[in-house]
Amino acid sequence: MSTVTAATASAAPVRVRIAPSPTGDPHVGTAYIGLINFLYARQRGGQFILRIEDTDRTRFVPTSEQMIFDALRWLGLTWDEGPDCGGPFGPYRQSERTEIYREHAQMLIDNGTAYRCFCTAEELEAVRKQQTAAKLPPRYPGTCRHLSAAQSAENLAAGKPFVVRMVVPAGSTTFRDELRGDITFEHSNVDDQVLLKSDGFPTYHLANVVDDHLMQITDVIRAEEWISSTPKHVLLYQSFGWQAPRFWHMPLLRNIDKSKISKRKNPVSLVYYRDSGFLPQAVINFLGLMGGGMPSPTPIEIVNGAKENEVFSLQQMIERFEVPNIRLGGPVFDLTKLRWLNSEYIRALSPEQFYAALRETVLSDRYLSQIAPLIQSRVDTLGQFGDLTSFLLRDDVMPPAEVWVPKKRTPEETLLFAAEQLAVLEATDWTLEALEPALKQLGESRAWSVKENFMLLRAILTGSTMSPPLLESMVVFGKARTLDRMRRFLETQKKLAAQNQPKK
RNA sequence: GGCGUUAUGGUGUAACUGGUUAACACGUCGCCCUCUCAAGGCGAAGAGUCCGGGUUCGAGCCCCGGUAACGCUACCA
């Protein structure tokens with residue numbers, strides 16, 4: 001299947017990268033793709049680069065970048081060049097490179113492979129609706145592609161907002177995916193992609209190609225969801241007159257139902273795994289299991305009783321993992337197996353190490369010192385600490401119905417409202433100042449009193465109607481774990497409801 | 001709808017360039033150990049490799065045709 005020799009011998013210098021977007025918590029998918037890139041670079045003595053793709057201003061989350069750094073370091077995936085440590089091809093943050101993209105967009109306009117498009121969002125939306133209604137594939141109609149130079153200049157002079165689109169000529173593009181072989185796309189199925197948005201920021205496609213070239217990336221190892229847009233990228237390399245890198249498309253991590261892994265159905269935040277006490281060795285090991293790539297144990301290893309063909313360190317992966325042997329079926333991210341792996345690593349710890357691990361995470365000074373002020377005025381003895389804070393030290397809690405259903409509400413409407421709380425909280429900054437108005441606004445719009453509103457949340461988070469201050473507790477507990485607890489609650493209640501009325 | 005990718009027990013993987021009764025791990029169930037629960041030990045069930053054809057002495061591995069799942073189809077990445 002593979003078209004490249006095994007990693008062991010070949011030492012061609014490679015440069016690879018991961019390019020996460022700071023739009024929220026660091027994602028397990030980022031770590032997965034990061035791991036593969038990391039291994040590939042380390043095995044070949046190449047460089048592993050971290051580039052922050054912060055070109056979407058609407059989804060930008062300021063705290064996200066640092067969390068990405070922390071999470072990758074936690075897992076041991078260290079990079080050679082990046083926004084924090086610099087490097088010869090910086091800056092490594094796309095928002096600091098906008099001038100570069102603008103220049104390159106202009107280059108394409110000048111050589112006729114891109115053009116300014118003055119269509120408004122409303123116009124495009126209308127066209128798209130028509131096309132969908134007529135069962136046609138939604139496609140840019142090409143209105144501005146044939147605009148005369150004079151007209152275009154006139155619009156420009158008039159200050160009309162515009163985007164820059166690439167010209168997709170007639171024909172087809174074939175590129176090689178190093179894991180699957182040649183893939184061909186007819187250009188009739190490739191849209192005139194927007195390269196530069198009207199706010200002056202580039203889209204992924206432009207920024208990615210320009211940066212990968214400028215940063216001398218040799219191998220683009222990314223997720224399978226990019227296969228469909230690879231012909232656009234290949235076309236762009238051609239338009240610039242550049243040589244394209246090699247492309248490797250990794251299978252997508254999946255939920256239990258086989259859909260692309262998502263926070264709705266699985267904890268996907270690396271912060272969640274760290275804060276709820278998964279060891280980084282276990283997480284990285286588990287990720288290495290996804291998609292294969294580790295050779296089966298040799299006969300000698302089997303004779304020696306080394307059944308640990310599934311328990312291996314990052315170092316062992318560098319030694320033995322083979323990227324070209326990746327399996328292409330989307331692996332299900334199975335929490336059960338991850339938990340087992342984690343338990344293996346925990347049991348392998350010395351008592352001292354185990355205690356140290358506790359003190360670094362769930363019993364860290366940092367965490368406990370945040371909890372303490374919440375209960376000081378609420379205890380008669382220090383011994384009550386545990387009584388009041390156990391919900392912050394537990395993996396999960398589950399309130400009984402009499403606790404979470406308000407007196408004047410039905411379980412159904414309560415669950416509905418809880419789901420809305422979850423949606424609101426997902427989009428809220430995790431600070432007291434942001435949480436309070438966001439929740440109150442939701443309550444008002446749904447005619448839920450502040451009391452009912454907060455009590456429901458309290459029940460879900462703490463399992464009880466009595467607790468330290470709610471919002472403060474949520475902040476201390478953290479966004480990733482709080483949201484996960486809410487999702488688990490909703491999931492469990494949904495199942496229970498289904499069980500209680502199965503026959504219709 | 002269009003285009004693309006993928007397909008081995010419930011889940012993750014294994015099976016040398018096609019070669020004996022498809023292997024391992026997680027999970028499940030049972031037994032043992034045991035003050036409990038884990039861990040550990042022993043054992044069991046569970047796939048005939050998406051389906052249908054073909055090539056071959058022989059196919060999970062090769063060819064053809066289907067099906068299903070997933071992804072993309074944005075001024076998100």
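Note: hydrogens, waters and symmetry copies are ignored here, and every other heavy atom, side chains too, is used. Labels below follow one simple rule: chain letters A, B, ... track the order of the sequence lines, proteins then strands, and each chain is numbered from 1.
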- For A:F312, is the NZ or CZ atom of A:R320 found under 6.0 angstrom from the centre of its six-membered ring and inside 45 degrees of the ring axis? no
**Report entry** Phosphate OP1/OP2 of B:C76: any A:T58 side-chain N/O under 4.0 Å
**Finding:** no
Which of B:G12, B:A77, B:G4 is nearest the side chain of A:E310? It is B:G12
By nearest-heavy-atom nucleotide on RNA chain B, the more 5' of A:P331 and A:Q193 is A:P331
With a 4.0 Å limit, can you tell me whether A:K197 has a side-chain N or O closer than that to the phosphate oxygens OP1/OP2 of B:C76? yes
Practice prompt. Determine the contact category for A:R254: base if any of its heavy atoms lies under 4.0 Å from a base atom, sugar-phosphate if only primed atoms, P, OP1 or OP2 are that close, otherwise nothing.
Written response: sugar-phosphate
- Message: Would you say A:R222 places a side-chain N or O within less than 4.0 Å of OP1 or OP2 belonging to B:G71?
- Response: no
Taken to the nearest whole Å, CZ/A:F312 to P/B:U13 is 10 Å
Exercise for review: For A:V332, answer base if it contacts any base atom (sugar-phosphate contacts may also be present), sugar-phosphate if it contacts only those atoms, and nothing otherwise; contact means non-hydrogen atoms under 4.0 Å.
Suggested key: sugar-phosphate
Checking B:C3, B:G12, B:A77 against the side chain of A:M290 (C-beta onward), the nearest is B:G12
Reckon A:F185 touches a base, only the sugar-phosphate, or nothing at all at heavy-atom distances under 4.0 Å?
-> sugar-phosphate
is_close_aromatic(A:Y40, A:F48), centroid dist under 6.0 Å:
no
Query - side-chain N/O A:R165 vs B:C75 OP1/OP2, d < 4.0 Å - result: yes
In Watson-Crick or G-U wobble terms, with both distances under 3.5 Å, the base opposite B:C57 is B:G19
Between OH of A:Y204 and C1' of B:C72 the distance, given in whole Å, is 13 Å
Checking N1-N3 plus N6-O4 or O6-N4 for Watson-Crick, or N1-O2 and O6-N3 for wobble, each under 3.5 Å, the partner of B:A44 is B:U28
Rounded to whole Å, OH of A:Y140 lies from P of B:A74 at a distance of 14 Å
(message) Looking at B:A14, I'd like to know if its phosphate oxygens (OP1 or OP2) sit under 4.0 Å from a side-chain N or O belonging to A:R327.
(response) yes
A:N208 atom CG is separated from B:C76 atom P, nearest whole Å, by 15 Å
With the side chain defined as heavy atoms from C-beta on, A:S198 is closest, among B:C76, B:U11, B:C75, to B:C75
Whole-Å distance, A:H249 NE2 to B:C70 C1', equals 15 Å
Exam field: side chain A:Y345 to backbone A:N285, donor-acceptor pair closer than 3.5 Å = no
Q.
Is it the case that B:G4 (base atoms only) and A:E224 (side chain only) share a donor and an acceptor within less than 3.5 Å, ignoring hydrogens and angles?
A. no
CD of A:E186 to OG of A:S172, rounded to nearest 0.5 Å, is 5.0 Å
**Q.** Contact under 4.0 Å: A:K260 side-chain N or O vs B:C72 OP1/OP2
**A.** yes
Ranking B:C72, B:A77, B:G27 by distance to the side chain of A:S228, first place goes to B:C72
Pairing partner of B:A68, by Watson-Crick or G-U wobble and under 3.5 Å for both distances, is B:U6
- Item | Between B:C72 and B:G10 - C1' atom distance, rounded Å | 29 Å
Considering only heavy side-chain atoms of A:L289, the closest of B:G12, B:C26, B:U11 is B:G12
Practice prompt. Check every strand shown and say whether A:S229 touches a base, only sugar-phosphate, or nothing at a heavy-atom separation below 4.0 Å.
Written response: nothing
Query raised in the report: If we take the C1' atom in both B:U73 and B:U55, what is their distance in whole Å?
Result: 39 Å
>> With rounding to the closest Å, how many angstrom separate the C1' atoms on B:U17 and B:A59?
In response: 14 Å
Rounded to whole Å, the CG-C1' distance (A:D334 to B:G10) equals 9 Å
Of the candidates B:A77, B:C3, B:U5, the side chain of A:I227 sits closest to B:U5
Roughly how many Å apart are B:A38 and B:U11, using the P atom of each and rounding to a whole number? 25 Å
Checklist line | A:E99, CD atom: more than 12 neighbouring heavy atoms under 6.0 Å | finding: yes
Separation of B:G40 atom P from A:I346 atom CD1, nearest Å, is 14 Å
Taking B:C75, B:C76, B:G1 as options, the one with an atom nearest any side-chain atom of A:P137 is B:G1
Query - A:F247 ring center near A:W226 ring center (under 6.0 Å) - result: no
Whole-Å distance, A:N342 CG to B:A39 P, equals 14 Å
Ranking B:G71, B:G12, B:G4 by distance to the side chain of A:K337, first place goes to B:G12
- prompt: With distance as the sole test, does A:N255 use its side chain to make a donor-acceptor pair with the main-chain N or O of A:R264 at under 3.5 Å?
  reply: no
Integer angstrom distance from the P of B:C51 to that of B:U8:
11 Å
**Item:** Inter-nucleotide P distance (B:A7, B:U49), Å rounded
**Value:** 15 Å
Paired with A:D192, the salt bridge (charged side-chain N to carboxylate O under 4.0 Å, His left out) test is passed by just one of A:R145, A:K232, A:R165, namely A:R145
Of B:C75, B:A77, B:U6, the nucleotide closest to the side chain of A:R128 is B:C75
Any strand, both distances under 3.5 Å, Watson-Crick or G-U wobble: B:A74 pairs with none
Between B:C33 and B:A69, how far apart are the two C1' atoms, rounded to whole Å? 45 Å
Notebook entry, point to check: Does the ring centre of A:H233 sit less than 6.0 Å away from the ring centre of A:Y204?
Noted result: yes
hbond_proxy A:T203 side chain to B:C75 base (donor-acceptor, 3.5 Å cutoff):
no
Classified by glycosidic angle (syn within 90° of 0, else anti), B:G48 comes out syn
Report task. Determine the interatomic distance between P on B:A44 and the same-named atom on B:A23; round to the nearest Å. Result -> 12 Å
Open item on the list: Within the 4.0 Å heavy-atom criterion, would you say A:S188 contacts the bases, only the backbone, or no part of the nucleic acid?
Closed with: nothing
Checking all strands, does A:L195 fall into the base, sugar-phosphate, or nothing category for heavy-atom contacts under 4.0 angstrom?
nothing
